[in-house]
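Note that the structure is a prediction, hence the values are computed from the model and not measured.
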Amino acid sequence: MRVQRPAQPQRGVALVFAAISLLASLAALALAIDIGRLYFERRDLQRVANMAALDAARIASGCVGPVENPDAAAYNEARASLLRNHGSAKDLTEGGSVVLGGTLLGTDGVLGIVTSATTPSAVQVQLLRDPPARLIPAGGDGTLKLRATAAATALPLASLSVGSSLAELSPELLNQLLGDQLGGPVDLSLLSYRGLFNASVELGDVLAAADLGSPTDFFTASISAPGFLNAIADALSTTTDVATRSTLESLAAVSDGSRQVVPGDVVGVPPGLEDAASGAVVNVGAVTQAAAQAANGENLITVPADLNIPGVTGAGSVTTRLIQTANPVVSAADDGTQASNAQALVQIDLPLLPILGNPVNLKLWLQAAQATAQVTEIECARSGFPQPVVHVRARSSVARLGIGAFDDINGANPVPRPAPLVNLNLLGIPITITASAVANVGQAEDRALVYPGPFDVPQTQRIGADAGEALGQSVGSLASSLQLEVQPAGALLNPLIRVALQGVLNTLTSQLTPVLNQVDQLLVPALAPLGLTLGGADVTVTSVTGEQPVLFNR
(Lines give C-alpha, C1' and ligand atoms only; values in the text may rest on other atoms or scores of the structure.)
Protein backbone atom coordinates (compact mmCIF):
# COMPACT_ATOMS: atom_id res chain seq x y z
CA MET A 1 0.00 0.00 0.00
CA ARG A 2 1.42 3.40 -1.13
CA VAL A 3 1.32 6.29 1.27
CA GLN A 4 0.71 9.80 -0.37
CA ARG A 5 3.08 12.55 0.72
CA PRO A 6 1.77 15.87 2.00
CA ALA A 7 1.42 18.77 -0.62
CA GLN A 8 2.72 21.58 1.58
CA PRO A 9 5.99 22.19 -0.37
CA GLN A 10 4.12 22.70 -3.68
CA ARG A 11 1.74 25.12 -2.04
CA GLY A 12 4.71 27.10 -0.70
CA VAL A 13 6.24 27.44 -4.14
CA ALA A 14 2.92 28.62 -5.54
CA LEU A 15 2.70 31.30 -2.88
CA VAL A 16 6.19 32.53 -3.79
CA PHE A 17 5.27 32.76 -7.47
CA ALA A 18 2.01 34.48 -6.63
CA ALA A 19 3.84 37.05 -4.56
CA ILE A 20 6.31 37.66 -7.36
CA SER A 21 3.48 38.03 -9.89
CA LEU A 22 1.68 40.44 -7.59
CA LEU A 23 4.80 42.58 -7.21
CA ALA A 24 5.34 42.57 -10.98
CA SER A 25 1.72 43.55 -11.56
CA LEU A 26 2.00 46.36 -9.01
CA ALA A 27 5.22 47.57 -10.62
CA ALA A 28 3.60 47.49 -14.06
CA LEU A 29 0.61 49.35 -12.72
CA ALA A 30 2.86 51.94 -11.07
CA LEU A 31 4.85 52.30 -14.29
CA ALA A 32 1.66 52.74 -16.30
CA ILE A 33 0.47 55.37 -13.83
CA ASP A 34 3.85 57.15 -14.02
CA ILE A 35 3.80 57.09 -17.81
CA GLY A 36 0.20 58.27 -17.90
CA ARG A 37 0.87 61.11 -15.47
CA LEU A 38 3.96 62.06 -17.47
CA TYR A 39 1.95 62.04 -20.70
CA PHE A 40 -0.89 64.11 -19.30
CA GLU A 41 1.53 66.54 -17.66
CA ARG A 42 3.40 66.92 -20.94
CA ARG A 43 0.15 67.42 -22.83
CA ASP A 44 -1.00 70.02 -20.32
CA LEU A 45 2.32 71.84 -20.66
CA GLN A 46 1.96 71.89 -24.45
CA ARG A 47 -1.62 73.12 -24.11
CA VAL A 48 -0.66 76.12 -21.99
CA ALA A 49 2.36 76.78 -24.24
CA ASN A 50 0.04 76.91 -27.27
CA MET A 51 -2.32 79.31 -25.50
CA ALA A 52 0.57 81.49 -24.31
CA ALA A 53 2.03 81.72 -27.84
CA LEU A 54 -1.36 82.63 -29.34
CA ASP A 55 -2.08 85.27 -26.70
CA ALA A 56 1.44 86.74 -26.86
CA ALA A 57 1.32 86.92 -30.68
CA ARG A 58 -1.98 88.79 -30.53
CA ILE A 59 -0.54 91.38 -28.13
CA ALA A 60 2.90 91.76 -29.75
CA SER A 61 1.38 92.32 -33.21
CA GLY A 62 -0.62 95.29 -31.93
CA CYS A 63 -3.85 93.47 -32.66
CA VAL A 64 -5.55 94.84 -29.55
CA GLY A 65 -3.79 98.20 -29.56
CA PRO A 66 -0.32 99.69 -30.03
CA VAL A 67 2.46 98.64 -27.64
CA GLU A 68 5.64 100.57 -26.90
CA ASN A 69 7.78 97.53 -26.02
CA PRO A 70 6.67 94.43 -27.97
CA ASP A 71 9.20 92.15 -26.23
CA ALA A 72 8.03 93.07 -22.76
CA ALA A 73 4.38 93.00 -23.81
CA ALA A 74 4.76 89.51 -25.29
CA TYR A 75 6.53 88.18 -22.18
CA ASN A 76 3.97 89.66 -19.79
CA GLU A 77 1.06 88.38 -21.86
CA ALA A 78 2.58 84.87 -22.06
CA ARG A 79 2.95 84.83 -18.27
CA ALA A 80 -0.61 86.10 -17.76
CA SER A 81 -1.88 83.51 -20.23
CA LEU A 82 -0.27 80.72 -18.19
CA LEU A 83 -2.13 81.83 -15.09
CA ARG A 84 -5.43 82.20 -16.96
CA ASN A 85 -5.15 78.71 -18.37
CA HIS A 86 -4.22 76.97 -15.12
CA GLY A 87 -0.53 76.78 -15.82
CA SER A 88 2.24 77.95 -13.52
CA ALA A 89 4.33 81.09 -13.83
CA LYS A 90 7.32 78.88 -12.92
CA ASP A 91 6.91 77.14 -16.29
CA LEU A 92 8.14 80.37 -17.87
CA THR A 93 10.21 82.09 -15.21
CA GLU A 94 12.41 79.07 -14.40
CA GLY A 95 14.16 78.37 -17.66
CA GLY A 96 11.42 79.24 -20.15
CA SER A 97 11.61 81.94 -22.82
CA VAL A 98 9.57 84.18 -25.12
CA VAL A 99 11.14 85.12 -28.47
CA LEU A 100 9.76 87.62 -30.98
CA GLY A 101 10.48 87.63 -34.69
CA GLY A 102 9.06 87.05 -38.11
CA THR A 103 8.20 83.95 -40.09
CA LEU A 104 10.48 82.33 -42.62
CA LEU A 105 9.69 79.42 -44.93
CA GLY A 106 12.64 77.02 -44.84
CA THR A 107 13.98 74.95 -47.71
CA ASP A 108 12.21 71.95 -46.18
CA GLY A 109 8.89 73.71 -46.54
CA VAL A 110 8.52 74.19 -42.79
CA LEU A 111 7.67 77.63 -41.45
CA GLY A 112 10.08 78.86 -38.82
CA ILE A 113 10.80 81.96 -36.77
CA VAL A 114 13.54 84.45 -37.59
CA THR A 115 14.55 86.99 -34.96
CA SER A 116 15.97 89.51 -37.43
CA ALA A 117 12.52 90.66 -38.62
CA THR A 118 11.97 94.40 -38.26
CA THR A 119 8.21 94.01 -37.75
CA PRO A 120 7.25 91.38 -35.10
CA SER A 121 4.77 88.94 -36.58
CA ALA A 122 5.52 85.77 -34.63
CA VAL A 123 6.17 84.66 -31.05
CA GLN A 124 7.84 81.48 -29.85
CA VAL A 125 7.18 80.37 -26.27
CA GLN A 126 9.24 77.67 -24.56
CA LEU A 127 8.17 76.27 -21.17
CA LEU A 128 10.00 74.00 -18.74
CA ARG A 129 8.33 72.06 -15.92
CA ASP A 130 9.43 69.51 -13.31
CA PRO A 131 8.00 66.06 -14.08
CA PRO A 132 5.42 64.68 -11.65
CA ALA A 133 6.69 62.65 -8.69
CA ARG A 134 7.06 58.99 -9.60
CA LEU A 135 5.56 56.03 -7.80
CA ILE A 136 8.62 54.03 -8.77
CA PRO A 137 11.84 55.87 -7.99
CA ALA A 138 14.29 56.16 -10.88
CA GLY A 139 17.89 57.15 -11.21
CA GLY A 140 19.09 60.52 -12.39
CA ASP A 141 20.31 63.77 -10.94
CA GLY A 142 16.87 65.37 -10.79
CA THR A 143 17.55 67.85 -13.60
CA LEU A 144 15.20 66.19 -16.10
CA LYS A 145 12.53 68.67 -17.25
CA LEU A 146 9.43 68.46 -19.36
CA ARG A 147 9.73 70.81 -22.32
CA ALA A 148 7.05 72.32 -24.59
CA THR A 149 7.56 74.83 -27.41
CA ALA A 150 4.89 76.62 -29.39
CA ALA A 151 5.11 79.28 -32.11
CA ALA A 152 2.28 81.48 -33.31
CA THR A 153 2.03 84.25 -35.85
CA ALA A 154 -0.36 87.19 -35.99
CA LEU A 155 0.20 90.16 -38.23
CA PRO A 156 -3.01 91.96 -39.18
CA LEU A 157 -2.66 93.65 -42.57
CA ALA A 158 -4.98 96.05 -44.35
CA SER A 159 -5.15 96.55 -48.11
CA LEU A 160 -5.30 100.31 -48.70
CA SER A 161 -5.51 102.52 -51.78
CA VAL A 162 -5.95 106.21 -52.61
CA GLY A 163 -7.55 107.20 -55.88
CA SER A 164 -10.49 108.58 -57.79
CA SER A 165 -14.16 107.74 -57.86
CA LEU A 166 -15.40 105.11 -60.28
CA ALA A 167 -17.88 107.66 -61.54
CA GLU A 168 -14.99 109.66 -63.01
CA LEU A 169 -13.58 106.88 -65.21
CA SER A 170 -13.37 107.64 -68.92
CA PRO A 171 -13.06 104.49 -71.08
CA GLU A 172 -11.70 106.40 -74.10
CA LEU A 173 -8.95 107.97 -72.04
CA LEU A 174 -8.23 104.77 -70.14
CA ASN A 175 -7.85 102.91 -73.43
CA GLN A 176 -5.37 105.51 -74.66
CA LEU A 177 -3.47 105.62 -71.37
CA LEU A 178 -3.22 101.88 -70.84
CA GLY A 179 -2.30 101.43 -74.49
CA ASP A 180 0.62 103.84 -74.08
CA GLN A 181 1.68 102.27 -70.79
CA LEU A 182 1.39 98.62 -71.78
CA GLY A 183 2.66 99.09 -75.32
CA GLY A 184 -0.34 97.93 -77.35
CA PRO A 185 -3.78 99.03 -78.57
CA VAL A 186 -6.52 98.81 -75.92
CA ASP A 187 -10.24 99.00 -76.67
CA LEU A 188 -12.36 98.25 -73.61
CA SER A 189 -15.77 99.51 -72.55
CA LEU A 190 -16.68 101.41 -69.40
CA LEU A 191 -18.43 98.26 -68.18
CA SER A 192 -15.15 96.34 -68.47
CA TYR A 193 -13.27 98.94 -66.45
CA ARG A 194 -15.96 99.05 -63.79
CA GLY A 195 -15.65 95.27 -63.56
CA LEU A 196 -11.93 95.62 -62.87
CA PHE A 197 -12.41 98.21 -60.14
CA ASN A 198 -15.25 96.24 -58.56
CA ALA A 199 -13.25 93.00 -58.39
CA SER A 200 -10.86 91.79 -55.70
CA VAL A 201 -8.27 89.02 -55.65
CA GLU A 202 -6.20 87.32 -52.95
CA LEU A 203 -2.47 87.78 -53.47
CA GLY A 204 -1.81 84.18 -52.48
CA ASP A 205 -3.87 83.04 -55.49
CA VAL A 206 -1.88 85.35 -57.78
CA LEU A 207 1.33 83.96 -56.30
CA ALA A 208 0.20 80.39 -56.99
CA ALA A 209 -0.81 81.27 -60.55
CA ALA A 210 2.55 82.94 -61.25
CA ASP A 211 4.37 79.84 -59.95
CA LEU A 212 7.57 81.72 -59.09
CA GLY A 213 8.35 80.01 -55.79
CA SER A 214 8.00 81.45 -52.32
CA PRO A 215 6.16 84.68 -51.49
CA THR A 216 9.50 86.49 -51.24
CA ASP A 217 10.52 85.17 -54.67
CA PHE A 218 7.24 86.33 -56.19
CA PHE A 219 7.07 89.80 -54.66
CA THR A 220 10.70 90.63 -55.45
CA ALA A 221 10.83 89.14 -58.96
CA SER A 222 10.87 91.21 -62.12
CA ILE A 223 8.26 89.72 -64.43
CA SER A 224 6.70 90.83 -67.68
CA ALA A 225 3.60 93.00 -67.60
CA PRO A 226 1.55 90.43 -69.58
CA GLY A 227 2.78 87.65 -67.27
CA PHE A 228 1.62 89.58 -64.20
CA LEU A 229 -1.79 90.41 -65.72
CA ASN A 230 -2.30 86.80 -66.77
CA ALA A 231 -1.43 85.64 -63.26
CA ILE A 232 -4.18 87.87 -61.86
CA ALA A 233 -6.60 86.52 -64.48
CA ASP A 234 -5.68 82.93 -63.59
CA ALA A 235 -6.13 83.72 -59.90
CA LEU A 236 -9.72 84.74 -60.67
CA SER A 237 -10.42 81.40 -62.37
CA THR A 238 -11.85 80.02 -59.12
CA THR A 239 -14.54 82.71 -59.18
CA THR A 240 -17.46 83.27 -61.48
CA ASP A 241 -16.11 86.65 -62.63
CA VAL A 242 -15.62 85.58 -66.25
CA ALA A 243 -15.94 89.13 -67.64
CA THR A 244 -13.19 90.55 -65.43
CA ARG A 245 -10.92 87.63 -66.24
CA SER A 246 -11.53 88.24 -69.95
CA THR A 247 -10.70 91.96 -69.53
CA LEU A 248 -7.37 91.12 -67.90
CA GLU A 249 -6.54 88.57 -70.59
CA SER A 250 -7.30 91.19 -73.25
CA LEU A 251 -4.93 93.67 -71.59
CA ALA A 252 -2.25 90.99 -71.26
CA ALA A 253 -2.61 90.03 -74.93
CA VAL A 254 -1.78 93.54 -76.17
CA SER A 255 0.97 94.24 -73.59
CA ASP A 256 4.59 94.50 -74.60
CA GLY A 257 6.42 91.51 -73.12
CA SER A 258 9.60 93.54 -72.69
CA ARG A 259 7.94 95.83 -70.13
CA GLN A 260 8.65 94.57 -66.62
CA VAL A 261 7.00 95.01 -63.22
CA VAL A 262 7.94 93.98 -59.68
CA PRO A 263 4.79 92.64 -57.95
CA GLY A 264 5.91 93.79 -54.50
CA ASP A 265 6.27 97.36 -55.79
CA VAL A 266 2.95 97.25 -57.62
CA VAL A 267 0.95 96.13 -54.58
CA GLY A 268 3.12 97.95 -52.03
CA VAL A 269 4.32 95.03 -49.91
CA PRO A 270 7.06 96.18 -47.49
CA PRO A 271 10.20 93.98 -47.28
CA GLY A 272 9.85 91.31 -44.61
CA LEU A 273 6.07 91.06 -44.87
CA GLU A 274 5.93 88.90 -48.00
CA ASP A 275 4.66 85.75 -46.25
CA ALA A 276 2.01 87.60 -44.26
CA ALA A 277 0.89 89.58 -47.32
CA SER A 278 0.01 86.42 -49.24
CA GLY A 279 -3.38 86.34 -47.57
CA ALA A 280 -4.20 89.96 -48.37
CA VAL A 281 -7.01 90.85 -50.77
CA VAL A 282 -6.43 93.73 -53.21
CA ASN A 283 -8.55 95.66 -55.68
CA VAL A 284 -7.96 94.35 -59.20
CA GLY A 285 -8.48 97.73 -60.88
CA ALA A 286 -6.05 99.55 -58.59
CA VAL A 287 -3.39 96.86 -59.08
CA THR A 288 -3.89 96.82 -62.86
CA GLN A 289 -3.60 100.59 -62.98
CA ALA A 290 -0.43 100.56 -60.83
CA ALA A 291 1.08 97.77 -62.93
CA ALA A 292 0.45 99.67 -66.19
CA GLN A 293 2.06 102.81 -64.79
CA ALA A 294 5.05 100.85 -63.51
CA ALA A 295 5.44 99.13 -66.90
CA ASN A 296 5.73 102.50 -68.65
CA GLY A 297 9.34 103.34 -67.96
CA GLU A 298 9.23 106.89 -69.30
CA ASN A 299 5.91 107.79 -67.66
CA LEU A 300 5.37 110.57 -70.21
CA ILE A 301 1.89 110.18 -71.65
CA THR A 302 0.23 112.29 -74.33
CA VAL A 303 -3.42 111.74 -75.17
CA PRO A 304 -5.90 113.65 -77.31
CA ALA A 305 -8.26 115.87 -75.34
CA ASP A 306 -11.98 115.19 -75.65
CA LEU A 307 -13.05 118.80 -76.16
CA ASN A 308 -16.69 119.78 -75.84
CA ILE A 309 -16.03 123.32 -74.62
CA PRO A 310 -17.47 126.34 -76.45
CA GLY A 311 -14.69 128.45 -77.92
CA VAL A 312 -12.27 125.50 -78.27
CA THR A 313 -11.61 124.31 -81.80
CA GLY A 314 -9.51 121.52 -83.23
CA ALA A 315 -7.73 118.76 -81.33
CA GLY A 316 -6.13 119.64 -78.04
CA SER A 317 -3.84 117.41 -76.03
CA VAL A 318 -3.02 116.48 -72.46
CA THR A 319 0.61 115.60 -71.75
CA THR A 320 1.27 114.01 -68.37
CA ARG A 321 4.56 113.19 -66.73
CA LEU A 322 4.16 110.91 -63.72
CA ILE A 323 6.63 111.95 -61.03
CA GLN A 324 5.37 109.11 -58.85
CA THR A 325 2.75 106.55 -59.80
CA ALA A 326 -0.33 105.67 -57.78
CA ASN A 327 0.66 103.26 -55.03
CA PRO A 328 -1.75 100.88 -53.29
CA VAL A 329 -0.27 99.07 -50.28
CA VAL A 330 -0.71 96.01 -48.11
CA SER A 331 0.21 97.49 -44.75
CA ALA A 332 0.64 96.54 -41.12
CA ALA A 333 -0.34 99.10 -38.52
CA ASP A 334 2.07 102.03 -38.29
CA ASP A 335 4.80 100.32 -40.35
CA GLY A 336 5.67 103.51 -42.24
CA THR A 337 4.27 102.52 -45.64
CA GLN A 338 1.82 104.84 -47.35
CA ALA A 339 -0.75 104.44 -50.05
CA SER A 340 -0.92 107.39 -52.42
CA ASN A 341 -2.45 108.68 -55.57
CA ALA A 342 -0.22 109.63 -58.48
CA GLN A 343 1.93 112.76 -58.45
CA ALA A 344 2.34 114.37 -61.84
CA LEU A 345 3.01 117.37 -64.05
CA VAL A 346 0.30 118.02 -66.62
CA GLN A 347 0.50 120.23 -69.68
CA ILE A 348 -2.76 121.04 -71.54
CA ASP A 349 -2.96 122.63 -74.99
CA LEU A 350 -6.31 124.06 -76.12
CA PRO A 351 -6.74 125.66 -79.58
CA LEU A 352 -9.17 128.61 -79.42
CA LEU A 353 -10.98 130.64 -82.06
CA PRO A 354 -8.49 132.65 -84.17
CA ILE A 355 -8.11 136.40 -83.81
CA LEU A 356 -7.46 138.54 -86.89
CA GLY A 357 -6.74 135.29 -88.74
CA ASN A 358 -4.06 134.25 -86.27
CA PRO A 359 -4.28 130.97 -84.28
CA VAL A 360 -4.79 131.26 -80.52
CA ASN A 361 -3.44 128.50 -78.30
CA LEU A 362 -4.23 128.42 -74.57
CA LYS A 363 -1.70 126.49 -72.49
CA LEU A 364 -2.43 125.33 -68.96
CA TRP A 365 -0.10 123.64 -66.51
CA LEU A 366 -0.91 121.59 -63.44
CA GLN A 367 1.24 120.38 -60.59
CA ALA A 368 -0.79 117.51 -59.08
CA ALA A 369 0.36 116.79 -55.55
CA GLN A 370 -0.12 113.53 -53.73
CA ALA A 371 -2.74 112.52 -51.25
CA THR A 372 -1.49 109.84 -48.87
CA ALA A 373 -2.99 107.40 -46.38
CA GLN A 374 -1.37 105.22 -43.74
CA VAL A 375 -2.78 102.50 -41.50
CA THR A 376 -2.22 103.57 -37.88
CA GLU A 377 -4.03 100.77 -36.07
CA ILE A 378 -5.91 97.56 -36.77
CA GLU A 379 -8.25 96.43 -34.00
CA CYS A 380 -8.81 92.70 -34.38
CA ALA A 381 -12.12 90.97 -33.86
CA ARG A 382 -12.44 89.56 -30.35
CA SER A 383 -15.01 88.87 -27.68
CA GLY A 384 -17.53 91.69 -27.69
CA PHE A 385 -16.11 93.09 -30.97
CA PRO A 386 -17.10 90.69 -33.77
CA GLN A 387 -15.52 92.69 -36.62
CA PRO A 388 -12.08 94.23 -37.15
CA VAL A 389 -11.70 98.01 -37.22
CA VAL A 390 -9.06 99.83 -39.31
CA HIS A 391 -7.77 103.28 -38.34
CA VAL A 392 -6.21 105.37 -41.12
CA ARG A 393 -4.45 108.75 -41.16
CA ALA A 394 -5.17 110.42 -44.50
CA ARG A 395 -3.68 113.63 -45.89
CA SER A 396 -4.64 115.63 -48.94
CA SER A 397 -2.32 118.19 -50.52
CA VAL A 398 -2.75 121.42 -52.44
CA ALA A 399 -2.30 121.19 -56.19
CA ARG A 400 -1.43 124.21 -58.35
CA LEU A 401 -3.07 125.13 -61.64
CA GLY A 402 -1.83 127.86 -63.93
CA ILE A 403 -1.96 129.45 -67.35
CA GLY A 404 1.36 128.99 -69.10
CA ALA A 405 3.67 126.07 -69.81
CA PHE A 406 6.55 124.17 -68.25
CA ASP A 407 9.89 125.15 -69.69
CA ASP A 408 10.72 121.42 -70.00
CA ILE A 409 8.17 118.96 -68.63
CA ASN A 410 10.77 116.20 -68.84
CA GLY A 411 13.58 118.21 -67.29
CA ALA A 412 15.16 117.72 -63.89
CA ASN A 413 13.33 120.69 -62.41
CA PRO A 414 10.46 121.85 -64.64
CA VAL A 415 9.40 125.45 -64.04
CA PRO A 416 6.05 126.88 -65.23
CA ARG A 417 6.36 130.13 -67.19
CA PRO A 418 4.00 132.46 -69.08
CA ALA A 419 3.29 131.06 -72.55
CA PRO A 420 2.52 132.77 -75.86
CA LEU A 421 -1.20 133.00 -76.44
CA VAL A 422 -1.23 134.54 -79.92
CA ASN A 423 1.30 136.01 -82.33
CA LEU A 424 0.15 139.06 -84.33
CA ASN A 425 1.55 141.37 -86.96
CA LEU A 426 0.16 144.90 -86.62
CA LEU A 427 1.33 147.55 -89.01
CA GLY A 428 4.42 145.46 -89.76
CA ILE A 429 5.33 145.05 -86.09
CA PRO A 430 5.46 141.46 -84.77
CA ILE A 431 3.70 141.26 -81.41
CA THR A 432 3.30 138.36 -79.00
CA ILE A 433 0.64 138.31 -76.32
CA THR A 434 1.39 135.99 -73.40
CA ALA A 435 -0.99 134.80 -70.69
CA SER A 436 -0.29 133.82 -67.09
CA ALA A 437 -2.18 133.09 -63.89
CA VAL A 438 -1.78 130.78 -60.88
CA ALA A 439 -4.33 129.32 -58.46
CA ASN A 440 -4.33 126.68 -55.74
CA VAL A 441 -6.55 123.63 -56.09
CA GLY A 442 -8.14 122.45 -52.85
CA GLN A 443 -6.87 122.85 -49.30
CA ALA A 444 -4.46 120.64 -47.41
CA GLU A 445 -6.27 118.36 -44.97
CA ASP A 446 -5.15 115.85 -42.35
CA ARG A 447 -7.84 113.51 -41.04
CA ALA A 448 -8.22 110.37 -38.96
CA LEU A 449 -10.55 107.89 -40.64
CA VAL A 450 -12.16 104.86 -39.05
CA TYR A 451 -13.30 101.83 -41.08
CA PRO A 452 -15.42 99.34 -39.10
CA GLY A 453 -15.68 95.84 -40.56
CA PRO A 454 -16.83 93.64 -42.12
CA PHE A 455 -14.93 94.10 -45.38
CA ASP A 456 -17.06 91.89 -47.62
CA VAL A 457 -16.94 94.82 -50.05
CA PRO A 458 -14.34 97.63 -50.09
CA GLN A 459 -15.08 100.67 -47.93
CA THR A 460 -14.32 104.15 -49.28
CA GLN A 461 -14.22 107.53 -47.54
CA ARG A 462 -13.34 110.88 -49.11
CA ILE A 463 -10.96 113.45 -47.73
CA GLY A 464 -10.85 117.04 -48.95
CA ALA A 465 -13.17 118.45 -51.58
CA ASP A 466 -14.63 116.76 -54.61
CA ALA A 467 -12.28 117.14 -57.59
CA GLY A 468 -14.88 118.99 -59.64
CA GLU A 469 -15.68 121.36 -56.78
CA ALA A 470 -12.03 122.08 -56.02
CA LEU A 471 -11.23 122.67 -59.69
CA GLY A 472 -14.26 124.88 -60.15
CA GLN A 473 -13.13 127.14 -57.32
CA SER A 474 -9.54 127.30 -58.57
CA VAL A 475 -10.56 127.98 -62.17
CA GLY A 476 -12.71 130.89 -61.00
CA SER A 477 -9.69 132.27 -59.19
CA LEU A 478 -7.58 131.64 -62.29
CA ALA A 479 -9.93 133.65 -64.51
CA SER A 480 -9.99 136.59 -62.10
CA SER A 481 -6.18 136.70 -61.86
CA LEU A 482 -5.54 136.40 -65.61
CA GLN A 483 -2.71 138.61 -66.84
CA LEU A 484 -2.08 139.35 -70.51
CA GLU A 485 1.33 140.75 -71.41
CA VAL A 486 2.43 142.29 -74.71
CA GLN A 487 5.90 141.77 -76.16
CA PRO A 488 7.68 143.92 -77.17
CA ALA A 489 6.36 146.45 -74.73
CA GLY A 490 7.53 149.29 -76.96
CA ALA A 491 4.90 148.39 -79.55
CA LEU A 492 2.29 150.01 -77.33
CA LEU A 493 3.85 153.42 -77.97
CA ASN A 494 2.19 153.54 -81.35
CA PRO A 495 -1.33 154.98 -80.78
CA LEU A 496 -2.87 152.91 -83.61
CA ILE A 497 -1.35 149.67 -82.27
CA ARG A 498 -2.47 150.56 -78.76
CA VAL A 499 -6.09 150.93 -79.98
CA ALA A 500 -5.90 147.70 -81.98
CA LEU A 501 -4.32 145.78 -79.11
CA GLN A 502 -6.92 146.96 -76.64
CA GLY A 503 -9.61 145.46 -78.85
CA VAL A 504 -7.59 142.26 -79.21
CA LEU A 505 -7.03 142.04 -75.46
CA ASN A 506 -10.73 142.55 -74.80
CA THR A 507 -11.58 139.84 -77.30
CA LEU A 508 -9.04 137.44 -75.76
CA THR A 509 -10.35 138.07 -72.25
CA SER A 510 -13.95 137.48 -73.29
CA GLN A 511 -12.90 134.31 -75.13
CA LEU A 512 -10.72 132.89 -72.34
CA THR A 513 -13.14 133.33 -69.45
CA PRO A 514 -15.82 130.81 -70.57
CA VAL A 515 -13.13 128.34 -71.62
CA LEU A 516 -11.42 128.50 -68.22
CA ASN A 517 -14.73 128.11 -66.43
CA GLN A 518 -15.22 124.73 -68.09
CA VAL A 519 -11.69 123.37 -67.83
CA ASP A 520 -12.75 121.23 -64.86
CA GLN A 521 -14.97 119.24 -67.24
CA LEU A 522 -11.83 118.34 -69.17
CA LEU A 523 -9.42 117.78 -66.29
CA VAL A 524 -11.49 115.54 -64.01
CA PRO A 525 -12.03 112.70 -66.52
CA ALA A 526 -8.53 113.19 -67.94
CA LEU A 527 -6.80 112.71 -64.58
CA ALA A 528 -8.98 110.10 -62.87
CA PRO A 529 -7.74 107.12 -64.95
CA LEU A 530 -4.18 107.88 -63.82
CA GLY A 531 -5.11 107.87 -60.17
CA LEU A 532 -4.62 111.63 -60.06
CA THR A 533 -6.93 113.47 -57.70
CA LEU A 534 -7.24 117.18 -57.05
CA GLY A 535 -8.45 118.84 -53.87
CA GLY A 536 -9.14 115.52 -52.17
CA ALA A 537 -9.05 111.78 -52.62
CA ASP A 538 -11.02 108.58 -52.09
CA VAL A 539 -9.33 106.41 -49.46
CA THR A 540 -10.36 102.75 -49.71
CA VAL A 541 -9.77 99.80 -47.39
CA THR A 542 -10.28 96.61 -49.39
CA SER A 543 -9.57 93.90 -46.84
CA VAL A 544 -8.11 92.94 -43.47
CA THR A 545 -6.21 89.69 -43.15
CA GLY A 546 -4.02 87.85 -40.66
CA GLU A 547 -5.83 89.32 -37.69
CA GLN A 548 -6.25 86.06 -35.75
CA PRO A 549 -3.10 84.33 -34.46
CA VAL A 550 -2.35 80.81 -35.69
CA LEU A 551 0.12 78.18 -34.52
CA PHE A 552 2.82 77.00 -36.91
CA ASN A 553 5.71 74.55 -36.93
CA ARG A 554 8.94 75.77 -35.45
Side-chain angles (χ1 to χ4, degrees), residues 162-165 168-186 193 225 256 259 266 285-286 288-307 309 312 315-327 340-351 361-371 397-417 419 438-439 441-442 467-468 470-471 474-475 478 519-537:
V162 178
S164 307
S165 169
E168 297 167 351
L169 295 179
S170 164
E172 295 80 14
L173 192 57
L174 270 169
N175 286 334
Q176 179 68 46
L177 293 173
L178 291 182
D180 288 347
Q181 293 168 332
L182 295 174
V186 176
Y193 285 117
D256 184 349
R259 303 195 179 192
V266 171
T288 301
Q289 187 181 58
Q293 293 177 7
N296 175 31
E298 295 181 354
N299 281 321
L300 183 67
I301 304 159
T302 301
V303 295
D306 184 13
L307 304 175
I309 301 175
V312 176
S317 66
V318 179
T319 301
T320 303
R321 175 191 173 190
L322 293 175
I323 304 300
Q324 187 171 344
T325 59
N327 178 40
S340 62
N341 66 311
Q343 181 180 3
L345 304 179
V346 182
Q347 183 70 62
I348 303 170
D349 292 316
L350 301 177
N361 191 35
L362 174 63
K363 293 181 179 293
L364 302 172
W365 57 267
L366 174 69
Q367 292 175 321
Q370 282 193 316
S397 302
V398 176
R400 296 177 70 227
L401 176 67
I403 297 176
F406 292 108
D407 53 1
D408 182 3
I409 194 172
N410 253 342
N413 184 30
V415 177
R417 303 188 185 283
V438 179
V441 181
L471 271 171
S474 65
V475 167
L478 202 66
V519 164
D520 57 315
Q521 299 177 20
L522 168 66
L523 280 176
V524 172
L527 301 181
L530 279 171
L532 285 164
T533 55
L534 300 174

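For the pair P414/R321, a side-chain contact is recorded, criterion being any heavy-atom separation below 4.5 Å from C-beta on. Two residues are said to be in side-chain contact when any heavy atoms from C-beta on lie closer than 4.5 Å; L364 and L366 fail this criterion. A 4.5 Å side-chain heavy-atom check between L534 and L401 finds every atom pair outside the cut-off. Between V318 and V346, the closest side-chain pair of non-hydrogen atoms falls below 4.5 Å. With a 4.5 Å cut-off on side-chain heavy atoms, V415 and W365 do not count as touching.
Looking at every heavy atom in both residues, A369 comes nearest to A399 through N-CB, 4.2 Å. Summarising the geometry of L182 relative to A295, their closest heavy-atom pair is CD2-CB, 4.4 Å, with the distance given to 0.1 Å. Shortest non-hydrogen contact noted between L322 and A342 is CD2-CB, 4.0 Å. Nearest heavy-atom pair across V162 and A371 is CG1-O, 3.9 Å.
The side-chain hydrogen bond (donor to acceptor under 3.5 Å, both in side chains) test applied to D407 returns no partner, not counting sequence neighbours. Take A439 and apply the side chain to side chain contact (heavy atoms under 4.5 Å, CB included) test, not counting sequence neighbours, and it matches S474, S477, L478. Shown here are the side chain to side chain contact (heavy atoms under 4.5 Å, CB included) partners of N175, two or more places apart in sequence or in another chain: V186, D187, L188, Y193. For D180, the side-chain hydrogen bond (donor to acceptor under 3.5 Å, both in side chains) partners two or more places apart in sequence, or in a different chain, are Q176. Here T288 pairs with nothing under the side-chain hydrogen bond (donor to acceptor under 3.5 Å, both in side chains) rule; sequence neighbours left out. With sequence neighbours excluded, no residue satisfies salt bridge (charged side-chain N to carboxylate O under 4.0 Å, His left out) with R400.
Under the 3.5 Å distance criterion, the side-chain polar atoms of Q347 are matched with a main-chain donor or acceptor of G404. Under the 3.5 Å distance criterion, the side-chain polar atoms of R259 are left unmatched by any main-chain donor or acceptor of A292. Judged by distance alone, the side chain of N327 and the main-chain N or O of S340 form no donor-acceptor pair under 3.5 Å. Not a single donor-acceptor pair under 3.5 Å links the side chain of S317 to the backbone N or O of D349. Side chain of Q367 to main chain of L345: no donor-acceptor pair is present (N/O by atom type, distance under 3.5 Å, no hydrogens or angles).
Residue K363 holds its NZ atom at 15.0 Å from CZ of R417, rounded to the nearest 0.5 Å. Distance CD1/I403 to CD1/I348: 11.0 Å, rounded to 0.5 Å.
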